[in-house]
Amino acid sequence: MKHDRSDVFSGALPDAPLAMPKQVLERRRSSLLLTLRAAFAAALPRF
Amino acid sequence: MARAHVTRTLALGAAALLSLAGGWLYMRFIGNDGTSLLDVLRTALFTLVGFWLVWGGVAGVLGILAPPRRVQRRPGRPHGMTAILMPVYNEDAAASFSRVAAMNRSIVALGLADRFHFAILSDTNSAEVAADEIVWFEQLLAEPLAEGRLFYRRRERNIGKKAGNIEDFISRSGGAYDYALILDADSLMDGATIAAMAARMDDDPRLGLLQTVPEVIHAHSLFGRVMQFSAAYLSPYFARGTALMQGEEGPYWGHNAIVRVPAFAASCGLPVLSGKPPAGGHILSHDYVEAALLSRANWKVEVDPYLGGSYEEGPENLIEYAKRDRRWCQGNLQHRRVLGAPGLKVWSRFTFVQGIMAYAASPLWLALLAASILAAALPSKYWWRDNETGIWVLAVAVAIALLLPKFLILVRSALGGRNRGFGGTIRATLSVVAEIVISTLLAPIMLCFQSKAVVEILLGLDGGWPATNRDEGRVTLSTAFAASWWVTVAGASVLAISTAFASDLVPWLLPVALPAIGAPLLIAATSRGISSGRKPLLFTTTSETAPAPIIVEQQRIFLSWTQQGPAPADAALAGAATVHA
């Protein structure tokens, strides 16, 4: 076990990070307008 | 799992058939002088709200028919390491921390101290309460084997509320633990129950979450004791019925449950929903969503209604109940945003709909009431005069749907000797009847509060995150009036309008209108406590007649702590407490 009395973090919460990736809950809405806007945004130079 | 599919199909079929039959009956008597568009609307509303009414009853009946408790072997020593998490938010620190002390003593007594750590995860933003927490945590550190096992940390920014609090712990320390037992600030669990849950997680590597059915304890007011009795006497049967239908796609109620940390971390990172609260933002009722996400990742989510030794406290008056309900309502209505989330199990989506309808049904009942008054007020639309038998049949059918499960539970408890823990069969019978009377009187007031909550949320008003005032008991008449004067006005208006335009309806509306008119009186009266030293006649529960050792121990610790005051601060122990942003 990572956590025992000899652990350097035994005085405070153990430093044992665990990734908690964000889940996808909302469906992305796509439309012709959004696709065109994204295409133009990608194609046109930014000023 | 096949049994759960069959059970839920049969239950859904039964609820649908019964509500359709009720709708047909309703249509027959309201449409006896010809069917109008209003009649069709009323029938549709009646059938829809009737379905959810019957659905609750079906769960109760299933629970009564459920097979007896499985004989479980005594759990061995758990192998996995469990973090017992108690998130707190501006709570009474002495009360919450004394529960941790009692649970710790229970675990130490079992010789399992090396398998269980405790972490108090504070989101408190009141400086005064935060200072109290430090003081009482130092007291807690004087408990047996506390060093290196009992932790406290406070977030200065409570991002994501309770779900964010747990997520913060897992992100920083989750790798050190196999399981996390998640509590509320008012949770209390017996060490043997905690150990049995960890052992179940060891034994079944597919089990992602195991939920207990907590029993409400320590209620003092009439309102609180009715809720406590209902939770102890009736709820276990409803929970058993629900568990039969849910199978491996069970519920998570946010506390008194154990999760497998790697599964939870991989599956339950909650995104912030697009848009502003109340529809968008952080997910409020995170527990339902987390259960659905675990199921989506093919982890088993189970509820075990037979696991005892799990307790919580409840609101002591209707105003505190309505405050909590407002928060839950906002959380449940927010679930409409995740109904279409990719990959969810059908049952998880149904659970979201069920949660939404638990609140949406209230304004639908009011709409049915309004449509009935309108229909009766229209010329030549006497809604029941020519068919008195019909209305009585319907009234009896609705009463059966509401009351039958409760009386069946009473009969089964009498036959099985369970009533002994509730003061004997006579007192249990009187308590069930009184529970029905009081809940019937309070139902119209709750209906109004829930309808107001739904309307506010649909109008985009965010209820925020009010702290739960668990000790707030007695409500004065003026406070009750300030909170519910509009319910009185609504009840009086309904009665006045129906007297003027639909006098035939008045006798049928009185059971709804009169409690609404008397809302302040009822709220104040039900918040009164029983006299100290007097043994209450009604609503006795096993937690009072034969309190579990953990309940007695926690009360003893709390009393000794609060009578003596906290121990002086020990700087050497301060390392166990951390504060971070």
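Below, read A as the first sequence line, B as the second, and so on, with proteins coming before strands; counting in each chain starts at 1.
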>> Taking B:Pro271's backbone N and O only, do any of them form a donor-acceptor pair with A:Lys22's side chain (distance below 3.5 Å, no angle check)?
In response: no
> So, for B:Ala265 and A:Pro21, which heavy atoms are closest and what is the spacing to 0.1 Å?
Replying inline: O-CD, 3.4 Å
>> Checking the side chain of A:Gln23 only, and the main-chain atoms of B:Glu290 only, is there a donor and an acceptor separated by less than 3.5 Å?
In response: no
>> Only pairs of heavy atoms separated by less than 4.5 Å count here; which of B:Ser267, B:Ala119, B:Ala83 has the most with chain A?
In response: B:Ser267
> Who in residues 333-349 of chain B is close to chain A, using a strict under-4.5 Å heavy-atom cut-off?
Replying inline: B:Arg337, B:Val338, B:Gly340, B:Ala341, B:Pro342
>> Which atoms of B:Val289 are under 4.5 Å from chain A, going by heavy atoms: the side chain, the backbone, both sets, or neither?
In response: side chain
> Looking only at heavy atoms, what is the nearest atom pair of A:Glu26 and B:Val272, with distance?
Replying inline: OE1-O, 4.4 Å
>> For B:Phe169, which atoms come within 4.5 Å of any heavy atom of chain A: side chain, backbone, both, or neither?
In response: side chain
> Excluding sequence neighbours, so at least two apart, what forms side-chain contact (heavy atoms from CB on, under 4.5 Å) with B:Pro144?
Replying inline: B:Asn104, B:Arg105, B:Val108
>> The criterion is side-chain contact (heavy atoms from CB on, under 4.5 Å); which residues satisfy it with B:Ala257, sequence neighbours excluded?
In response: B:Leu209, B:Gln211, B:Tyr252
>> Using the rule given for side-chain contact (heavy atoms from CB on, under 4.5 Å), can you reason through A:Leu13 versus B:Tyr152, listing the C-alpha separation, both sets of side-chain angles and the distance that settles it, and then say yes or no?
In response: CA-CA 8 Å; A:Leu13 281 168; B:Tyr152 168 89; over 6 Å; no
> Which heavy atom in A:Pro14 sits nearest to a heavy atom in B:Tyr177, and how many Å separate them?
Replying inline: CG-OH, 3.5 Å
>> At under 4.5 Å between heavy atoms, what parts of residues 291-299 of chain B are in contact with chain A? List them by residue number.
In response: B:Leu293, B:Arg296
